[in-house]
Every structure is written in C-alpha cells, then in structure tokens.
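By convention here, the first residue in the shown sequence is residue 1.
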Amino acid sequence: MRTLVISDIHANIDALIAIEEPCDSVICLGDIVDYGPDPIACIDYLRKLDVPLIRVRGNHDNAVAFRVDCACDGAFKHLSTLTREYMWQVLDRDRIDWTGRPETSATLDLDNRKVCALHGAPSDNLFRYLYPETSDADLDAELKLSTADIVLTGHTHMPFMKEIGGRLMVNVGSVGQPRDGIAKASYAVLENGEVELKQVQYDVKSAIARLRKLPIDKTAIDELSYILKHAKMPR
C-alpha cells in the first residue's frame, strides 16, 4: 500500500496540486488553512480525492473552526491572525465545520506497522514543535508516549526523519509554506513500512500573485510573499 502524507498546506493550492504522487490513500496532518489565499480550493480538493483521506486537526484548523488562539510561533502569529480574518470571510459554515471535525491524532496499521499521525507531538498534538535540531533524548521521550512504530508529524514546516530505538519520528514538512530554506512543497510517501521524504517544485510566482490579491495589509502580504519565495521568515 502506498500512502501520501501531507501537512501544513496553508491555503496554497498551487503547492497542493503540484504533488502528483500515485497513492492508495492520503494522510493529512492538518493546517489546511491560514496564511494562504485559497482555503476553499484546498478544502474542496481534499474533499474530492478519489482515494481515502485520513485527517487530523492542526492548530490553525483548530483556530479557524473554533475561533480560539492558534498559539503559533510569535514570529508568524500576526500573519496568521490577519489571514484568519480572511478565512472567516470566505469559508462557509460547512467548510469551517469540516476543517474542525477530525480528532488531533489517529492510529493506523499500514503494511504491518503501527503508525501514529498527528500535527505537533505525542505530548501535545496541536502545539508542541519538533524541529530537525530537537535532541534525540527529547525525540525518544516523545516516541515513548506512543506505541507506534512510526510517528508522523508536521507543524514546524521543517522536514526530518530520525530512527531512535528502532522507531521512526518523521516530520513531513510543509506543502504550502516551507520554512527550511527550500521553496518546494514537502511531503512523504509511506510504502511497505518505509518512509521517504520528498519535495517537488511548484509555481511559487502564481501563489504569490494570488496572495497579492488578498484584502489585507500590504506589509503582511510582502512578508508572506517573502516566506513563499525564500522558504524562511524575512529578517
């Protein structure tokens, strides 16, 4: 079985449609909304997939659906707050309800391996950040909170994979707003119990052009455009 794993789409339809991996199912680790210009297109694209979709809720999905604080990194919070107002303007009740519907974690059996899917970390599904530089000791402690062979996460927008004690911690990175310095859509493929991290080029210029049509502060648009172009926060 071949499973596509995506996370942190952030309303970037150009990045989402660039992923053309053949698969038998899709796992989405959350954060479909905020930051980007096309939440409707992204939600509808996922709803119309011709393969099964397994979803968990991310902190931005949670904020949009339930009108609560996203508790995201302070450097990005003003951008999420501004674009969230736009989310509420354009999303109807049905799409908002759909965004908030999934649980914050899911456990699956795939190819004889137990897989835990969540947005942040086993200790805090919504809000804890796990980075490539997170220590092995901290990652080991997180893995011990789960019984899974593979733990799939997102949230930091920085992909990495580490094997500790025979178990895998995998951050699949971000589809729609990478922050690892590589302006490509990041994702993972899970097949036969093995995980491969992948990245694909997408039309960044088109995504930025869509951003520039948003009815929000121009300075925020410039910051969001910089992040898409350079895959990092402007200094």
If Ile, Leu, Val, Met, Phe, Trp and Tyr residues are connected whenever their side-chain heavy atoms lie under 4.5 Å apart, and connections chain through other members, are Leu4 and Tyr45 in the same group?
yes
Between CD1 of Ile54 and OG of Ser25, what distance do you get to the nearest 0.5 Å?
4.5 Å
Any Ile27 side-chain heavy atom under 4.5 Å of Leu110 side chain:
yes
Any side-chain heavy-atom pair of Cys23 and Val189 under 4.5 Å
no
Using modelled atom types only, decide if a donor and an acceptor are shared between the side chain of Asp38 and the backbone of Ala41 within a distance under 3.5 Å.
no
Mind checking whether Asp8 and Tyr35 have side chains closer than 4.5 Å, heavy atoms only?
no
Which distance, rounded to the nearest 0.5 Å, do you find between the CZ of Phe160 and the CE of Met169?
6.5 Å
Any donor-acceptor N/O pair, Asp31 side chain to His10 backbone, under 3.5 Å:
no
Check Gly193 against Arg113 and note the closest heavy-atom contact, atom names and distance.
O-NH1, 2.9 Å
Gln177 backbone acceptor or donor facing His157 side chain under 3.5 Å
yes
Test Leu130 against His155 for side-chain contact (heavy atoms from CB on, under 4.5 Å), laying out the working first.
CA-CA 8 Å; Leu130 298 178; His155 194 37; over 6 Å; no
Indicate yes or no: at least one non-hydrogen side-chain atom of Lys184 is less than 4.5 angstrom from one of Val200.
no
With a 4.0 Å cut-off, would you call Arg167 and Asp140 a salt bridge?
no
Which atoms form the tightest heavy-atom contact between Trp88 and Ile96, and what is the distance?
CD1-CD1, 4.3 Å
Sidechain N-carboxylate O distance under 4.0 Å for Asp94, Arg47
yes
Going only through I, L, V, M, F, W and Y residues with side-chain contacts under 4.5 Å, is there a path from Leu118 to Leu126?
no
Within the 4.5 Å heavy-atom criterion, are Val170 and Glu163 side-chain neighbours or not?
no
Over all atoms of both residues, closest heavy-atom pair of Val195 and Ala188
CG1-CB, 4.2 Å
Ser80 side chain vs Asp34 backbone, donor-acceptor pair below 3.5 Å:
no
Are the side chains of Thr99 and Ile32 in touch, meaning some heavy atoms are under 4.5 Å apart?
no
Closest heavy-atom contact between Asn59 and His119?
OD1-NE2, 3.1 Å
So, taking the atom named OG1 in Thr3 and the one named CG in Leu108, what distance separates them when rounded to the nearest 0.5 Å?
8.0 Å
Met161 versus Glu196: any side-chain heavy-atom pair under 4.5 Å?
no
Using a 4.5 Å cut-off on heavy atoms from C-beta on, say whether the side chain of Met158 contacts that of Tyr129.
no
CD1-CG distance between Ile150 and Leu190, expressed to the nearest 0.5 angstrom:
5.0 Å
Run the side-chain contact (heavy atoms from CB on, under 4.5 Å) check on His60 and Met87 step by step: do they pass?
CA-CA 11 Å; His60 289 271; Met87 303 293 123; over 6 Å; no
Quick check: is Val51 connected to Val115 through a chain of hydrophobic side chains (ILVMFWY, heavy atoms under 4.5 Å apart)?
no
Before you tell me yes or no, could you show the steps for Ser174 and Arg179 under side-chain contact (heavy atoms from CB on, under 4.5 Å), namely the whole-Å CA-CA distance, both residues' side-chain angles and the distance that decides it to 0.1 Å?
CA-CA 8 Å; Ser174 172; Arg179 298 175 188 165; over 6 Å; no
May I ask you to establish whether Arg57 and Phe66 are in a cation-pi arrangement, using a distance under 6.0 Å from NZ or CZ to the six-membered ring centre and at most 45° from the ring axis?
no
side-chain contact (heavy atoms from CB on, under 4.5 Å) test vs Ile6 passes for just one of Val172, Leu29, Leu16, namely Leu16
Looking at Asp97 and Arg101, is any side-chain nitrogen of the basic one under 4.0 Å from a carboxylate oxygen of the acidic one?
no
Between Ala185 and Tyr202 the two heavy atoms that sit nearest each other are N-CD2, 3.8 Å
Checking Asp217 side chain against Thr219 main chain: does a donor-acceptor pair fall under 3.5 Å?
yes
Taking the side chain from Asp149 and the backbone from Lys114, do they hold a donor-acceptor pair closer than 3.5 Å?
yes
Quick check on the hydrophobic clustering: are Leu79 and Val204 connected, directly or via other members, by side-chain heavy-atom contacts under 4.5 Å?
yes
Output, in order, the C-alpha distance, side-chain angles, deciding distance and verdict of side-chain contact (heavy atoms from CB on, under 4.5 Å) for Thr156 and Thr134.
CA-CA 11 Å; Thr156 62; Thr134 299; over 6 Å; no
With the 4.5 Å side-chain cut-off for hydrophobic clustering, are Ile221 and Leu82 part of the same group?
no
To check you understand the geometry: which heavy-atom pair defines the closest contact between Gly154 and Asn171, and what is its length?
O-ND2, 2.8 Å
First locate atom CD1 of Ile208, then atom CG of Asp203, and finally report the distance between them rounded to the nearest 0.5 Å.
9.5 Å
Measure the CG-NZ distance between Asp50 and Lys48 for me, rounded to the nearest 0.5 Å.
13.0 Å
Over 12 foreign heavy atoms within 6.0 Å of CG, Asn112
no
